[in-house]
Amino acid sequence: MPEAGSRRVGSFVRLVHYWWPVALGWSIALVWNQVSERPVSHAGLAVLLWGILGAYSLDRLLDGSPPADPRWLRCLLVGAFTVSASVSLVYLTRLPAGTVAMIPLLAAIGFFYRRLKRYPLTKTVLVPAVWVWAGLALPAADGSWFGWRALRLPVAAPLMALFAAGCLLCDVKDAEADRRAGVRSLPAVFGIPATIAVATALAVAGALMAWLQQRTGLLVTGLALVGLGQWTTILMAGPAGALVVDLALTIPGVLIVAHLVR
């Protein structure tokens, strides 16, 4: 029983890790709402959140879930992808053409991601850029082509730095597996200490920009990521370590909902 209970807990932690990115999208949308002082597009937010759920569910299925994962978890991932794709298509019809123009590009990046992640700059630049682009432009749904207006907000710069730091910290746990698979991630190519140093520098830069812009939630996230960069044990703890990093990136949304930041 203790072993079976441990497997169930492990499967639950992995599921939360697989789907927590939905909370990250929600957090960025709240940051956009606070900065722009405009209402969030319900259709744009729906496409963002359901799209994240579907994309991450599909990615885990294509990567092959761990052998310890029970059948119910894999069925949940299949169901989540199917429902997410269907709901996203419905809400896409309610978005302006300029915003919808983003979707084929986002889909193409998602489709080729398994190949692109073999290059060092993918998770350092491309993944954070996609997160910030989609997270700001879809909730705005302002009709500008490819959401370029939302990307002009000053808050895009600290968000980019913080998400780049978070992606690098999440990569630490996969350093050895990436080397064996030939994936040229930063930890696999340059080692864990160098990766943590780069991630810490990005987190400090993001925190500094947030402080200059008086964005307390982002400042707290930057400081949290700096602290996590010194906690190698948790970063190496598989899905649990990556989940802790994702929790840190969700801090701005939590603080906004709790009315603790302006």
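Note that these values count all heavy atoms, side chains included, but never hydrogens, waters or copies made by symmetry.
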Heavy-atom donor-acceptor pair, Gln213 side chain to Pro154 backbone, under 3.5 Å | yes
Under the side-chain hydrogen bond (donor to acceptor under 3.5 Å, both in side chains) rule, collect the residues that match up with Trp19, sequence neighbours excluded.
-> Ser57
Does the Arg94 side chain pair with the main chain of Ala43, one donor and one acceptor, at a distance under 3.5 Å?
-> no
For Trp32, all residues meeting ring-ring contact (aromatic ring centres under 6.0 Å, His included), sequence neighbours excluded = none
Sidechain-backbone polar pair: Gln214 side chain, Ala210 backbone, donor-acceptor under 3.5 Å | no
Results of side-chain hydrogen bond (donor to acceptor under 3.5 Å, both in side chains) for Thr250 - residues two or more places apart only = Trp20
State which residues pass side-chain hydrogen bond (donor to acceptor under 3.5 Å, both in side chains) with Asp246; sequence neighbours excluded, sorted by chain then number.
-> none
Side-chain donor or acceptor of Asp142 paired with backbone N/O of Arg149 under 3.5 Å = no
Residue pairs meeting salt bridge (Lys or Arg N to Asp or Glu O under 4.0 Å), one or both in residues 159-173, sequence neighbours left out, come to Lys123-Asp171
For the pair Arg179 (side chain) and Val189 (backbone), establish whether a donor and an acceptor sit closer than 3.5 Å, ignoring hydrogens and angles.
-> no
Quick check: are there more than 12 heavy atoms from other residues, nucleotides or ligands sitting under 6.0 Å from CH2 of Trp148?
-> yes
Partners of Leu89 by side-chain contact (heavy atoms from CB on, under 4.5 Å), sequence neighbours excluded?
-> Leu92
Does Thr82 offer a backbone N or O that forms a donor-acceptor pair with the side chain of Ser86 under 3.5 Å?
-> yes
